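The next block holds one structure in the form of structure tokens; read it before the comments.
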Amino acid sequence: MTRPDTRTGAPPEARPSTGRLGPVFAVVAAGVAMSNLDMFIVNVALPEIGEEMSGSSLPALSWVLNAYAVVFAALLVPLGDLADRVGARRTYLAGVAIFTAASALCALAPSVWALVAARIVQAAGAAMLTPASLSLLLAAAPPERRTAAVRGWTAISGLAAALGPVAGGLLCQAGWRWVFLVNLPVGAAALVAGLYVLPRTAAVRNARRHDTAGAGVLTVAVAALALGLVRSDEWGWASAEVIGCLAAAALLAAVFAVRSARHPDPIVPPALLRVPAFGSATLANVLFAVAFAAMLLSAVLWCQEVWRWSPLRTGLAITPGPLMVPALAVGAGPIVRRVGAAAVAAAGCAVFAAGIGWWAVVLEPDGGYLTGMLPGMLLTGVGVGLTLPTLISAAVAALPPHGFATGSAVVTMARQIGMVLGVAMLVAALGGTDEAEAAFAGGWLLTLSATAAAAAAAAFIRRGRPA
């Protein structure tokens, strides 16, 4: 978010300090790892949370995931602006403090809705620390090490995805509240160390002030759509409540589009979406995130609700898929340069769909893991590793250099919105019938549909030089 110095490429508030890059990266990694882990680790804990908080339905529990994703998505760009205005160091430390305090509130939550409220505060802290962390890395890194530092920063989320399920399962052995309590020592250490090692940063003069009201409109629009979807079984698709939620979401989306067209610094600049490769890749990113979120939650629920496995066993069962992602994310780069992002993303979608199709055909309540879930888990892991990094890089690479920061924030926001919709759609599908196999089959059919739509959108990613 921070505008680079035209001579060095570093943020204007600091010059690179080679000796401090290692400690700065360690402190930044701690905060970013916490915020990313919480997006994966809570999936495994969700059924156990529901068991302790009796009477909590799956639609209600889904907000433990969705509230975090919605608020994180909507606040990412405005709070990136805050880092510009008050300094990245100050914003990062405030974000870590808020996230850590909110984690304590999550662990103490007496009800599911108190937990949801604490998750909203957590998401605000995550949205503060994430963009500020990248600015701090750029400030500490000398030019020749800047690319490697950013690669390391992006690898943290892949590592979180790989470790999240197992970490969640291990922590749930002591109780689901430890999923949040573990953030307290990590956050405290990051705060103390950050006071000593993070570069002091100054505010950027004439920093942008993106459309904060527009962010609020977008938040309510996505929340209304998710609410209508997750409550569709309880209220009925033809009910006034569901129709009202969907209509409100459509109206607010239109208001957001109009504001974006008129505001001098909108959350989603329309000019970005008019860049052909960026628009296509971002749309494909949203659709694939729908499929990814639905796949991950369906695997957790199948293991714990159908097979009655413990959270630890569930985490271990899911881990092989995410473990495929980091290596493929790196290894697919030369292939993308040779055949193009569209072809690699389409291939990834096809492999991902094969994994979902395997589950739909082979997975049975009395079946085994090795022949039932594991092949699908590996195939979906390969699909994610080929598709998700390819779509992200294709979107950002389509932009001129001065659009990288905003473009990457929009892509991240789009992915979070897609994950909200994926969770909501799966919950709606699972609520349609009491028969487990039929319910999951419906969820996997929706997942396959989203994957096919993502592949179709990716087909429009054109090769060529940045705009």
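The figures here come from the full heavy-atom set of this structure, side chains too, leaving out hydrogens, waters and symmetry mates. These numbers come from a predicted model, not from an experiment.
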Notebook entry, point to check: What is the distance from atom CH2 of Trp176 to atom CD1 of Ile41, rounded to the nearest 0.5 Å?
Noted result: 13.0 Å
Checklist line | Enclosure of Trp358 CH2 (heavy-atom neighbours >12, cutoff 6.0 Å) | finding: no
Notebook entry, point to check: With a 4.5 Å limit on heavy-atom distance, are the side chains of Trp63 and Val230 in contact?
Noted result: yes
Note to self: Testing the basics here: between Gly95 and Met128, what is the closest heavy-atom pair and its distance to 0.1 Å?
What the structure shows: CA-CB, 3.8 Å
Item checked: Thr447 side chain near Met425 side chain, heavy-atom distance below 4.5 Å -> no
Margin query: Strictly distance-based, threshold 3.5 Å: is any side-chain N or O of Arg177 a donor or acceptor partner for the main-chain N or O of Ala109?
Written below: yes
Note to self: For Val179 versus Cys172, what's the shortest heavy-atom pair and its separation?
What the structure shows: CG2-SG, 4.0 Å
Next item on the list: Describe, in one word, how the ring planes of Trp302 and Phe440 are oriented to each other, choosing from parallel (under 30°), tilted (30 to 60°) and perpendicular (over 60°).
Entry: perpendicular
Checklist line | Spatial distance of atom CG (Leu316) from atom CG (Leu170) [nearest 0.5 Å] | finding: 7.0 Å
Item checked: Note, Met419 side chain near Leu296 side chain (heavy atom, < 4.5 Å) -> no
Next item on the list: Drop me the distance from Ser62's OG to Leu426's CG, to the nearest 0.5 angstrom.
Entry: 9.5 Å
Margin query: Rounded to the nearest 0.5 Å, what separates atom CG in Leu391 from atom CG in Asn285?
Written below: 5.5 Å
Note to self: Within this structure, what is the SG-CZ distance for the pair Cys303 and Arg308, rounded to the nearest 0.5 Å?
What the structure shows: 12.5 Å
Notebook entry, point to check: Where the side chain of Thr387 meets the backbone of Val384, is there a donor-acceptor pair that is under 3.5 Å apart?
Noted result: no
Margin query: Can you confirm whether Trp178 is buried at CH2, in the sense that more than 12 heavy atoms of other residues, nucleotides or ligands lie under 6.0 Å from that atom?
Written below: no
Notebook entry, point to check: Parallel, tilted or perpendicular: which fits the ring planes of Trp359 and Trp444, with parallel below 30° and perpendicular above 60°?
Noted result: tilted
Item checked: Option passing side chain to side chain contact (heavy atoms under 4.5 Å, CB included) with Leu129 (candidates Val96, Leu93, Thr91) -> Val96
Note to self: Would you say that Leu184 contacts Ser103 through its side chain, given a criterion of any heavy-atom pair below 4.5 Å between the two side chains?
What the structure shows: yes
Margin query: Could you check whether any side-chain heavy atom of Leu379 comes within less than 4.5 Å of a side-chain heavy atom of Phe352, counting everything from C-beta outward?
Written below: no
Checklist line | Heavy-atom closest pair, residues Met413 and Ala73 | finding: CG-O, 3.1 Å
Margin query: Just verifying a value: how many Å separate Ile120 CD1 and Asn66 CG, rounded to the nearest 0.5 Å?
Written below: 11.0 Å
